[in-house]
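Chain letters run A, B, ... following the sequence lines, proteins first, then strands; residues in each count from 1. As the structure is a prediction and not an experimental result, all values here were calculated from the model.
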Amino acid sequence: MAQILVVDDSAAIRNEVESFLKTNNFTVETAVDGVDGLNKMKAGRDTKLVISDVNMPNMDGLTMVEKIRGELGNSGVHIIMLTTENDPNMKNRGKAAGVKGWIVKPFNGAAALGAIQKLVSG
Amino acid sequence: MIKFDKSLVSKLLVFEDDKDTQTAIKEFCESNGLIPLRQQSYSAMKVLYSNIDLGGVLLCEAAHDSSEGIHNGFDLAVRIHRIRPELPIFMRREDRDDKEDLTEEQQAAIAGVYKLDNMDKLLGMIDQFLADTEYPISLIRRIEEVTTSSLETTFKNCTVKLALPYLVKDKLTYGDIVSLLPVQAPWFNGYMMFQSEEEPMIHMIEAGKTSVDSKDVDFRDVMGLLSEVSNMAWGGLKTRLLSLHPPDFEERNLIAVPITVNQYKEYISFGTDRSQLCFEYTIYDNDHNVEPVKLFQKFIFNIKWTPEEYRAADENTVEELVESGELELF
């Protein structure tokens, strides 16, 4: 069972984050957009943490988060957004949906590692 | 030839001591919608570090900055270029109007040279390089800084070099790959386009210079990488512009115009004749194993462009420098 689900339409970002997390002994699954992410969350309800982009085709990251909380009724999974967006309105929408953290790209794994470890073990 | 919009005057920082030359430059600027600012104390660096809204620099071979220990115009040009690489520097020469005798570093720093008896040449160079006549220099700097940082993040152990920004009215595309991203802020609405070549990008990926898997690389990987560069560049720029936004601004894409493409002719039209703001980046592999990659970034504000509102939102400090005596209006 994957501990962390990484959702990003960019293969480069997915590879980078997945590789960093695996190096730090996490089990990782990836999804290419919000629809894929939502489907993987339906299948893997024990996922501890979702790291997701915001701007993605088919379904954006914030809509996916809202569906995880609403449609799936999963209020336990921790969610961090990893995005180029820094708009306060989007952050507020994420916060309202229960997003725990907001990381502006580029991904700095070393800086985020402590928080990721805490969320996955908590 | 680009026609200057008189409502968008550009400021030139001028390093000239000779009175007759000053008069000639003043007349030239008045005829062409430019404002010359004469350096008062030959302490150029304070003005250049101040981020005032300059469009370019005019200097001569004898220009100097005693406070910085710079004793000739060539060294001054190199120093200015290091501090403000987006500013085109035009040098007035006494005996020749080319750069062939200059060092590589001096040639890179100086956009063009002219002689006082051929101001038409200066006008041509200003048409080519003075992007500030249509696009505020602070916007240009923000774009350059954010995009360079995005490219440095994407291409590992590489050096990103940037040429002077310029304006084009043609609609031809460079290379064989293009990304298009709608961009919107209170002052503009249009597209950001990246153009590059597939093959050198593939070589970069295969050499492990990016986060894309370096095995079995094909064009899809390149397109994905170009897409990510576009996302990062625009995301970063949006963040930098956020502090200037009115708090109630919301992105809305209610207005759209058709974009037409002729693939055979390598032609793309956004339905406007407004000049496109262009940046050319070259990515060099620090290990020298891969050929450099060229990337062209173009901004096409085809739906909305109100630079006067951008300038009003972005504080301009030139008046303060004039008041303090650092600068003098001709």
Side-chain angles (χ1 to χ4, degrees), chain A residues 4 6-24 28-34 36 51-63 80-94 96 99 101-112, chain B residues 142 146-156 179 181-186 192 201-202 204-205 208-253:
Chain A
I4 302 176
V6 176
V7 190
D8 202 306
D9 58 322
S10 161
I13 299 292
R14 281 199 310 275
N15 284 347
E16 188 175 356
V17 178
E18 182 182 20
S19 163
F20 171 80
L21 293 173
K22 283 184 170 170
T23 306
N24 285 283
V28 183
E29 192 171 18
T30 60
V32 299
D33 58 32
D36 191 21
I51 299 176
S52 175
D53 190 12
V54 170
N55 293 321
M56 293 183 289
N58 303 320
M59 185 190 291
D60 68 84
L62 290 174
T63 303
I80 292 176
M81 307 310 288
L82 172 63
T83 175
T84 56
E85 291 290 347
N86 205 9
D87 177 28
N89 293 329
M90 281 200 181
K91 285 184 178 176
N92 287 339
R93 191 179 153 198
V99 166
W102 194 281
I103 301 171
V104 177
K105 289 178 184 176
F107 178 64
N108 182 342
Chain B
R142 286 183 168 108
V146 162
T147 309
T148 301
S149 165
S150 302
L151 292 171
E152 284 170 347
T153 303
T154 305
F155 294 91
K156 307 193 188 305
S179 77
L181 188 70
V183 294
Q184 198 179 7
M192 181 180 73
M201 291 273 267
I202 284 181
M204 276 282 184
I205 297 171
K209 293 287 171 184
T210 72
S211 296
V212 178
D213 190 345
S214 57
K215 287 180 206 141
D216 304 323
V217 180
D218 70 12
F219 76 93
R220 294 173 190 84
D221 300 302
V222 175
M223 300 312 282
L225 194 66
L226 198 64
S227 168
E228 189 53 32
V229 167
S230 306
N231 262 332
M232 285 183 71
W234 173 234
L237 185 59
K238 255 205 303 196
T239 300
R240 297 283 295 272
L241 294 176
L242 209 59
S243 60
L244 307 176
H245 279 195
D248 55 347
F249 173 72
E250 280 182 40
E251 287 182 54
R252 277 189 202 134
N253 272 315

Using every non-hydrogen atom in the two residues, find where B/Leu242 and A/Asp87 come nearest and quote the distance to one decimal.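 Smallest interatomic distance, heavy atoms only, reads CD2-CA, 4.2 Å.
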
Measure across A/Asn15 and B/Asp213 and return the closest heavy-atom pair with its distance rounded to 0.1 Å.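 Minimum heavy-atom separation between A/Asn15 and B/Asp213: ND2-N, 3.2 Å.
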
Is it true that, when you exclude B/Asp218 itself, more than 12 heavy atoms of the residues, nucleotides or ligands shown sit nearer than 6.0 Å to its CG? yes

Please list every donor-acceptor pair under 3.5 Å in which a side-chain atom of residues 227-237 of chain B meets a protein atom from a residue at least two apart or in another chain.
residue  : atom : partner  : partner atom : Å
B/Glu228 : OE1  : A/Ser10  : OG           : 3.1
B/Glu228 : OE2  : A/Lys105 : NZ           : 3.4
B/Ser230 : OG   : B/Ser179 : OG           : 2.6
B/Ser230 : OG   : B/Leu226 : O            : 2.8

A/Glu16: what forms a side chain to side chain donor-acceptor pair (under 3.5 Å) with it, not counting sequence neighbours? B/Ser211

Heavy-atom cut-off 4.5 Å, strictly under: side chain, backbone, both or neither for B/Thr153 against chain A?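 The side chain, not the backbone.
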
